[in-house]
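Below: one structure, written as structure tokens.
Every value quoted in this text rests on a predicted model; they were computed, and no experiment measured them.
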Amino acid sequence: MRLENRFEVAAPVDEAWALLNDIPRVVPCMPGAEVTETIDANAWKGVVHVRLGPVALQFGTDVAREAADDAAHRVVLVTKARELRGRGSAQATIESSLREVDGSTNVEIVTELNLQGAVAQYGRGLVPEIAAQLTKQFADNLAALLDREEGAGESDQPAAPPVPVGGFGLGVRALWARLVRTFRRR
């Protein structure tokens with residue numbers, strides 16, 4: 001499935017670009033995600049924690065930077081994730097493009113996502129809405145990180161431990177967004 005999300009951060013494009021390409025610093029901005037190992041300048045291993053109601057999932061994830069175009073502010077990441085208890089897997093190609101508009105940066109993220117196994121059954125119908133909610137949380141966390149660094153220089157504080165993506169609140173917001181969209185069409 002194809003997911004398209006956009007957000008804006010109040011930072012110049014070069015500053016946002018530098019942060020988005022520093023994978024160990026930016027991954028903790030995604031709810032439930034953490035980098036566990038840096039393989040090299042273009043490859044990392046991580047863990048993503050997700051809770052969908054009573055179901056807790058933990059994914060071991062390999063991330064690779066497939067392409068980066070500094071002039072166009074475009075990066076392509078490829079991820080391969082497997083649920084650590086064998087309940088499925090996911091593969092994604094994530095293309096992020098940045099564009100400066102009036103001193104702020106517009107970020108567009110296009111994700112080609114393939115879910116397999118039981119993971120696909122848990123939430124395939126809600127994935128676009130959940131992705132939108134996660135992108136909003138990611139954008140808010142990214143903006144807060146940029147603000148902190150702009151105000152105090154680079155922070156020496158350790159990153160907060162990852163909090164699993166909460167399924168109930170996230171699911172309710174995703175369902176609400178779907179209902180509102182359905183009624184607006186009518």
Side-chain angles (χ1 to χ4, degrees), residues 1-50 59-81 90-115 127-160 162-163 165 170 173-174 177:
M1 74 183 65
R2 181 180 175 93
L3 306 170
E4 296 181 15
N5 300 100
R6 291 174 182 77
F7 62 90
E8 184 174 307
V9 290
V13 71
D14 290 333
E15 188 178 329
W17 177 248
L19 178 58
L20 284 173
N21 277 285
D22 188 343
I23 302 300
R25 281 183 42 227
V26 79
V27 164
C29 290
M30 180 58 72
E34 65 180 305
V35 172
T36 58
E37 182 180 354
T38 298
I39 306 300
D40 60 35
N42 292 304
W44 304 267
K45 290 188 179 290
V47 176
V48 178
H49 308 270
V50 179
F59 293 88
T61 307
D62 297 318
V63 179
R65 185 175 11 231
E66 189 173 86
D69 183 341
D70 290 331
H73 298 110
R74 179 184 159 275
V75 64
V76 177
L77 299 176
V78 175
T79 65
K80 295 179 181 175
Q91 296 81 37
T93 300
I94 306 159
E95 180 178 340
S96 301
S97 302
L98 282 66
R99 186 171 45 94
E100 188 159 2
V101 177
D102 299 327
S104 292
T105 301
N106 286 328
V107 180
E108 180 177 330
I109 302 171
V110 177
T111 304
E112 293 291 340
L113 176 65
N114 182 20
L115 299 173
V127 168
E129 286 81 10
I130 289 172
Q133 294 294 324
L134 289 176
T135 300
K136 182 184 178 333
Q137 290 177 15
F138 173 73
D140 292 347
N141 292 342
L142 186 66
L145 181 59
L146 285 166
D147 287 344
R148 253 192 335 265
E149 289 181 358
E150 186 175 299
E154 197 162 320
S155 175
D156 291 332
Q157 292 178 307
V163 175
V165 175
L170 192 59
R173 286 190 302 272

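- Among residues at least two apart or in separate chains, there is no ring pair (Phe, Tyr, Trp, His ring centres under 6.0 Å) pair with a member in residues 20-44.
- Atom CG of N21 is separated from atom CG of D70 by 6.5 Å, given to the nearest 0.5 angstrom.
- Atom CZ of residue R65 and atom CG of residue L77 lie 7.0 Å apart, to the nearest 0.5 angstrom.
- Interatomic distance, CE of M30 versus CG of N141, reported as 9.0 Å (0.5 Å rounding).
- Listed by first and then second residue, the ring pair (Phe, Tyr, Trp, His ring centres under 6.0 Å) pairs involving residues 2-38 are F7-F138, W17-H73 (not counting sequence neighbours).
- Every residue two or more places apart in sequence or in another chain that forms a side-chain contact (heavy atoms from CB on, under 4.5 Å) with A43 is listed here: I39, D40.
- Taking all atoms of both residues into account, the shortest heavy-atom contact from P24 to T38 is CG-OG1, 4.1 Å.
- When the side chain to side chain donor-acceptor pair (under 3.5 Å) test is applied to K80, no partner is found at least two apart in sequence or on another chain.
- Side chains of L142 and L20 form a contact here, defined as non-hydrogen atoms less than 4.5 Å apart.
- Residues V27 and V63 have side chains not in contact (no heavy-atom distance under 4.5 Å, counting atoms from C-beta outward).
- Remark: E4 pairs with R2 by the side chain to side chain donor-acceptor pair (under 3.5 Å) rule, at least two apart or across chains.
- Residues L145 and C29 approach most closely at CD2-SG, 3.9 Å, considering heavy atoms.
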Hey, can you pull the donor-acceptor pairs under 3.5 Å for the side chains in residues 93-107, sequence neighbours left out?
unit_1, atom_1, unit_2, atom_2, d
E95, OE2, R74, NE, 2.8
T105, OG1, A11, O, 2.6
T105, OG1, P12, O, 3.4
T105, OG1, V13, N, 3.1

